[in-house]
Amino acid sequence: MCYEFKLTKVKKIGLILLSTVCALNLGAQKPIYQDTAQPIEKRVEDALARMTLEEKIRLIHANEIYSSWGVPRLGIPENHPTDGPLGLRPEMKWNAPVHEGISGDSCTSYPALVCLAATWNPEMGRLYGKSYSEEALYRNKNIILGPGVNICRTPLNGRSFEYMGEDPYLTSQMAVSYIQGVQGNHVAACVKHFAVNNQETNRADINTIVDERTLHEIYLPAFKAAVQEGNVWMVMGAYNKYNGQHCCHNQYLLNDILRKEWNYDGVLASDFGGTHDTKEAIFNGLDLEFGTAIDSIESYDNYFLAFPYLELIKKGEVGVKELDEKVRRVLRMMYRTNMSADKPWGSLASPEHADDARKIAEEGIVLLQNKDNILPLDISRLKRVVVVGENAVTKMSCGGGSSEVKAKYEVLPLDGIRNRLGNKVEIIYKPGYSSAVEPEENEKLRMEAVEAAKLADMVIFVGGLNKQPDQDGESWDRKSYELPYNQNELIEELAAVNSQLVAVMISGNAYAMPWVKKVPGIVQAWYAGTESGNVIASVLVGDVNPSGKLPITFPVSLKDNGAHVLNAYPGDGKKVEYKEGIYVGYRWIEKQKIKPLFAFGHGLSYTTFKYGNATVNKKNMHDVEGLVVTVPVTNVGTREGAEIVQLYVCDDKSSLPRPVKELKRFSKVRLAAGETCNVSFSIDKDALSFYDPELHRWVAEPGKFQFLIGSASDDIRTKVSFELE
Ligand code: BGC
């Protein structure tokens, strides 16, 4: 039956009267919770005081897979988070992470966070966050579920491309800048996954056993920096357990560390499906529950923090103190974001954003090897270039789990190379291998590529990993350190027939390179986003002088990784014990005196930088206030370039064993040919400290320290010492 809307005269008069009253009311004072002139805390309290018990309960759990309740009666909107760290995730159906299939959600694909970390440039982090959050605003998202800051403990971790490497200091600096960029636009960043979620294997339940010192020195610093320096507004708990208790309601991590020690005033959200117990969630710091399994729309009411919580309150088993605190936190985050009067408008997939993504990628690509200066390519001497490898024609933004992005466009490496070289050079493409065929067919592809390579002036191999199962992606780890699909054999054969070989490797993590000595040019291109192919071509021809450095170690094999050699990964299915302790990545390599394939911090340029002698303004002090280390760096080559100057601290003697060196400062400087600049680093007590598990705090012990300054962790150019008295 169709309801006919007819207004009687009486009703009309009534409506006119009503609108007059409303109009008069406009001049009246707004309630505090709506008054943008009032401080946030006052508004929070006012809103809280107006809410019913049921409304409070609703505010702290999801009402769809990617949204959570507001308070419609009070005009308080819903929250809309978006995955993930690398760009907007496509819109999903209400009840499952299944694409809605709408148009209008195509966006900019930003480089993987490991690529951002490889820029070693916090300015790039800020640009990333600013640019991406503009896209979020346009799509009405008030929360970005990123950045991911879990430390890369093993090269097999499927999600390392979403994280920022193996070093706590580098990760911290990059995370803080990303967060500042995002939140500057009144969108909440959500730093994840708190904490010790360093593998995907058995991630939902594995009990992670990490000693207190290692936890504080390696796995917590990036979260701490996100909270204390980045003022992050949301933190996501991890799936796994820490010391026997799930991280989304872990007494030690959330109450003792996050709230008490770090004074965090934002929201702790669960990972999706990471909540397991109502009482623990109430008392151990979970504020906002997402992703718990559902089978109907009503199921949202059965979330751990929904009816079960309400029931406990009604029965008098728990009070409302904790609930009020959770509601305060959620409201506070909302006043900072979707209820902020200063929230700007956004823009989506704009040329400016593509440019931002391109800039970041250009700075993040790492030139690993450049024998005989095979790069940059001398186009004038090339007639025919053969491009080999499936990754030359594979889009990478659209896979990998929750960080998938529906890129408005993604320039393929082959297209980028054709765009840049194609009108001068003949470009021939041969797949060489395929991820989707039987080994015999790959054999045929290999032979065809090798035949073509024989007749080329130059071979550009574009391979590596991809986002398929057991490669880079969420919910699995890689099974092997080797490249898949027999790429090693293919590369060896290409090298045997053509010495002019450059490998452009696309991956989010390290892999074995048994062919390293036979391939003169190696470029680590990560997952570079929307402009991927164009960026790769710019680096190959030298329009861009590479300036990225590795945020992870490339060990020769897994035997050179502490977690693997100590049989401490992936655990027995129930628990995983981090037996290598603080010796993660280069800390292990240096302790064991191992030569890596490529060291943490390594990356070449098309120019050369010379380091002068480092000096320190004070040789000894009682405290470190005002301590500055300076080093002159000169670009002695013939073209402009950027160098990442790295400062590592070495504690000569200490009561507890310490790593041979630890990154504590870095600076990226751009220098014209012939230009010199003095790079200065202020050193504080934190840079000299280690975490003492007996005292449960950081300590800087008196004694001699060395500041080692160089171009990579294995390429220290100058050092200077200092005594803490
Ligand atoms: C992932 C999170 C992600 C969430 C929402 C989880 O499976 O671990 O990183 O933000 O899903 O998609």
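Order of listing sets the numbers, starting from 1, for every ligand and every atom in it. Residue numbers start at 1 and run along the sequence shown.
Residues with a heavy atom under 4.0 Å from ligand 1: Y66, D83, R89, L145, R159, K192, H193, R203, M236, Y239, D271, F272, S402, E474.
Judged as a ring-ring contact (aromatic ring centres under 6.0 Å, His included), and not counting sequence neighbours, the contacts of Y132 are Y110. Residues passing the salt bridge (charged side-chain N to carboxylate O under 4.0 Å, His left out) test with D472, sequence neighbours excluded: none.
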If you look only at distance, which donor and acceptor atoms sit under 3.5 Å apart when one is on a side chain in residues 184-195 and the other is two or more places apart or in another chain?
{"from": "N185", "atom 1": "ND2", "to": "K130", "atom 2": "O", "distance (Å)": "3.2"}
{"from": "N185", "atom 1": "ND2", "to": "S133", "atom 2": "OG", "distance (Å)": "2.9"}
{"from": "H186", "atom 1": "ND1", "to": "R336", "atom 2": "O", "distance (Å)": "3.1"}
{"from": "H186", "atom 1": "ND1", "to": "S340", "atom 2": "OG", "distance (Å)": "3.0"}
{"from": "K192", "atom 1": "NZ", "to": "L145", "atom 2": "O", "distance (Å)": "2.7"}
{"from": "H193", "atom 1": "ND1", "to": "N150", "atom 2": "OD1", "distance (Å)": "3.2"}
{"from": "H193", "atom 1": "ND1", "to": "Y163", "atom 2": "OH", "distance (Å)": "3.1"}
{"from": "H193", "atom 1": "NE2", "to": "R159", "atom 2": "NH1", "distance (Å)": "3.3"}

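Atom CZ of F283 has more than 12 neighbouring heavy atoms from other residues, nucleotides or ligands inside a 6.0 Å radius.
Classified by interplanar angle (parallel below 30°, tilted 30° to 60°, perpendicular above 60°), the ring pair Y586/F600 is parallel.
W233 has its side chain within reach of Q183: a pair of non-hydrogen atoms, C-beta onward, lies under 4.5 Å apart.
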